[in-house]
Asker: 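Pasting in a structure now, in structure tokens, and then I'll have a few things to ask.
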There are 2 protein chains.
Amino acid sequence: MRDVARLADVSVATVSFTLNNTKPVAPATRERVEQAIRDLGFRRNEVARALASKRSRVLAVLYPALQHRFGGTVVHFFTSAARRASELGYNLILSPIDNDAGQLGDLTAGGLVDGVLLMEVQLDDPRVTSLLQTGTPFAIIGRTREPDLLTYVDIDFETTMAASIEYLSNLGHTRIALVTGSVGSSLLTDYGPVVRTEATYGAIMATRDGDAVMISCDETPAAGRDAASRLIEASPDLTAVIVMNEQAAFGLVSGFRNLGFRVPEDISVISMSSSAEMAAMSDPTLTLMAAPGVELGRMGVDALVDKLEGRAANGETQVLLPCVLVEGESTARVREGG
Amino acid sequence: MRDVARLADVSVATVSFTLNNTKPVAPATRERVEQAIRDLGFRRNEVARALASKRSRVLAVLYPALQHRFGGTVVHFFTSAARRASELGYNLILSPIDNDAGQLGDLTAGGLVDGVLLMEVQLDDPRVTSLLQTGTPFAIIGRTREPDLLTYVDIDFETTMAASIEYLSNLGHTRIALVTGSVGSSLLTDYGPVVRTEATYGAIMATRDGDAVMISCDETPAAGRDAASRLIEASPDLTAVIVMNEQAAFGLVSGFRNLGFRVPEDISVISMSSSAEMAAMSDPTLTLMAAPGVELGRMGVDALVDKLEGRAANGETQVLLPCVLVEGESTARVREGG
DNA sequence: TTGTAGGCGTTATCAT
DNA sequence: ATGATAACGCCTACAA
């Protein structure tokens, strides 16, 4: 930068001003500076910039290293978030964290990270508390139990569930079961997506004829096959299933088939909050409510950067995005007498 | 750090020395310093450190934003690489890049990134040339056509293919076909995994009885179903298929089923360089050669960091890892008379 | 073994 | 509109 200043015959300050548009610069000098920059192939040193400005323009996305989803949604999310960050002049660092404890302190305390994107948040998440205490700016992908004062971007499970039931209803289904996921059994009661989905399902079904039948199973195809049996046992005449368990959805379909039920002729299956790539791999292909991974990534970054740049005008940004219906071959009008 | 020095009654230099083990420090003073650090909850500023030492301890993983695989392998890779980086005191930033062109210059020129991990490299990759020109330290996940002078970590497709054929041979199969993947048609001839796999397949089959039958199709289940027909047409009496196309493998199985061939009774299918999570979602579950995503991530980072820290003793690090066989339900002994 | 002091390359304040 | 210059917080010869 000194070299640029010398070549353009101005001071380093002026170079900085034109580079950042931080102060008015005469068109003539600006041109000289830009020419010099071009001639020298100059790139400003981001590290020095970060030190002087006390802002590194680096974001971190925190996600649980174990117990993660393998679906295309995660990759979509990462990619989208990284791209949006890049567009806004930021970089995105990946931080898989094992325990729920305080190794996130290392990141932010080091000054390398301006803000944090928190994934797979629990309803009562110790990491949120920790981030609040250290005063680290952060945005949540998901929602805690009381998210009113927090910045978050989440899937609108309530709307999505309503739309799923509505869709099946329009096909004539009344006996609609719900299958959710679990990892071990501990997370069940504290995992927002499951809790909200089950609550909404229960509430809507209560206003209708059919019984509410919910079960949950591990996130594996094998568990899904097993779930099919349990489902038939619990509700022999069901005609439709909503599954929020990407892996189990596959097992469910083959489980039903093994039990002599055809999908979709006898039983319709809809995979909720899944990815299109996954759903297409099933045979028959699954009708799904596609998780908005790309949008979540983009809007999560937007929300965080807004906050970092003091643009979070009125309070905290809070966004809810519904999944979008993609029709596959796993749903059909209810059979006669069903 | 000034505060720490004052509290411990030493100079800032001494604090730095004990923090970095960069010069011998008397046990007594070291203890005082560490106590002071604890008392003050001091964290050294990584940005300042980076500026002064000219090393940011930040790595970037470059991967094509579009045209990416959705399998669990990518997530495994990212997670493993990020964790290993963290263990070594580095951070990993995610850089999806669109065009093959020079936006990677921005990254490295800014001084924010010490080194680069290059994914999904083509046999003749312009990015490699670019990185060489700018003198950016980098390690490749994959191999170029002439990788002798480069640092790389790649799947050993040759060994994996040999093992796959061997496995099927031992089950009595002789008529073994190969299905590879393609995105559009452009990448086919310049994509290392496909080229090496096909070459090895061809070479091995040439030494055996059975004809070599290779086809390729897009990375979608639908294309896989179509491929099943083409395969039967080309080789009506085949008894086994090796698929290096995770998505198409699913379509292949259902395609065969639709054509009246049972898997594995009539035709065995083995999915090469896939992820266990994916393969388990098939019904029947797929026998696979599991891609070593975790190992690739770890070793890729190791290779790069070795290079950065001048520890790349004798020339460039070059690692080849074979996929490991995981038996599923999609392979069986060849049927009588097959 | 420890201290002193000069950078590292920008930003930002205060003059001019 | 532009220029000097003091931070920014740490590392690292060089001295002691």
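Each chain gets a letter, A, B and so on, in the order its sequence line appears, and its residues count up from 1.
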Asker: Could you give all pairs that pass the salt bridge (charged side-chain N to carboxylate O under 4.0 Å, His left out) test and reach residues 13-28 of chain B, with sequence neighbours left out?
Answerer: none

Asker: Go through the structure and list residues passing salt bridge (charged side-chain N to carboxylate O under 4.0 Å, His left out) with Asp39(B), not counting sequence neighbours.
Answerer: none

Asker: Does the side chain of Arg298(A) come within less than 4.5 Å of Glu87(A)'s, by heavy atoms?
Answerer: no

Asker: Take atom NZ of Lys54(A) and atom P of dA12(C), then tell me their distance rounded to the nearest Å.
Answerer: 11 Å

Asker: How far apart are the closest heavy atoms of Arg30(A) and Thr18(A), and which atoms are they?
Answerer: NH2-O, 3.1 Å

Asker: Based on Watson-Crick and G-U pairs with both distances under 3.5 Å, what dot-bracket line describes DNA chain D 5' to 3', crossing pairs as [ ] and inter-strand pairs as |?
Answerer: ||||||||||||||||

Asker: Taking all heavy atoms of Phe17(B) and all of Val25(B), pick out the closest pair and write down the distance.
Answerer: CB-CG2, 3.9 Å

Asker: Rounded to the Å, how far apart are Leu40(A) CG and dG9(C) P?
Answerer: 14 Å

Asker: Remember a base hit wins even if backbone is also touched, and classify Val10(A) as base, sugar-phosphate or nothing at under 4.0 Å, heavy atoms.
Answerer: sugar-phosphate

Asker: For residues Thr144(A) and Tyr152(A), is any side-chain donor paired with an opposing acceptor at under 3.5 Å?
Answerer: no

Asker: Distance check, rounded to the nearest 0.5 Å: Ser273(A) atom OG versus Asp156(A) atom CG?
Answerer: 11.5 Å

Asker: Please report, rounded to the nearest Å, how far the C1' atom of dT1(C) is from the CG atom of Asn21(B).
Answerer: 15 Å

Asker: Run the salt bridge (charged side-chain N to carboxylate O under 4.0 Å, His left out) test against Arg32(B) and tell me which residues pass, sequence neighbours left out.
Answerer: none

Asker: How many Å lie between CZ on Arg32(B) and C1' on dT2(C), as a whole number?
Answerer: 11 Å

Asker: Take atom CG of Leu51(B) and atom P of dT10(C), then tell me their distance rounded to the nearest Å.
Answerer: 9 Å

Asker: Expressed as a whole number of angstroms, how long is the span from Asp9(B):CG to dG3(C):C1'?
Answerer: 12 Å

Asker: How does protein contact run along nucleotides 11-16 of chain D, one letter per nucleotide 5' to 3', with B for base contact, S for sugar-phosphate only, - for none, heavy atoms under 4.0 Å?
Answerer: SB-B--

Asker: In residues 109-116 of chain B, which residues come under 4.0 Å of DNA chain C by heavy atom?
Answerer: none

Asker: Let me know the distance between CG of Asp3(B) and C1' of dC8(D), rounded to the nearest Å.
Answerer: 15 Å

Asker: If you round to the nearest 0.5 Å, how far is CD1 of Ile155(A) from CZ of Arg143(A)?
Answerer: 9.5 Å

Asker: How long is the line joining CG of Asn45(A) and C1' of dC8(D), in whole Å?
Answerer: 13 Å

Asker: Are side-chain heavy atoms of Asp3(B) and Arg6(B) found at a separation under 4.5 Å?
Answerer: yes

Asker: Would you say dT2(C) has OP1 or OP2 under 4.0 Å from some side-chain N or O of Thr14(B)?
Answerer: no

Asker: I need the single residue from Thr136(B), Leu304(B), Leu62(B), Leu150(B) that forms a side chain to side chain contact (heavy atoms under 4.5 Å, CB included) with Leu118(B). Which is it?
Answerer: Leu62(B)

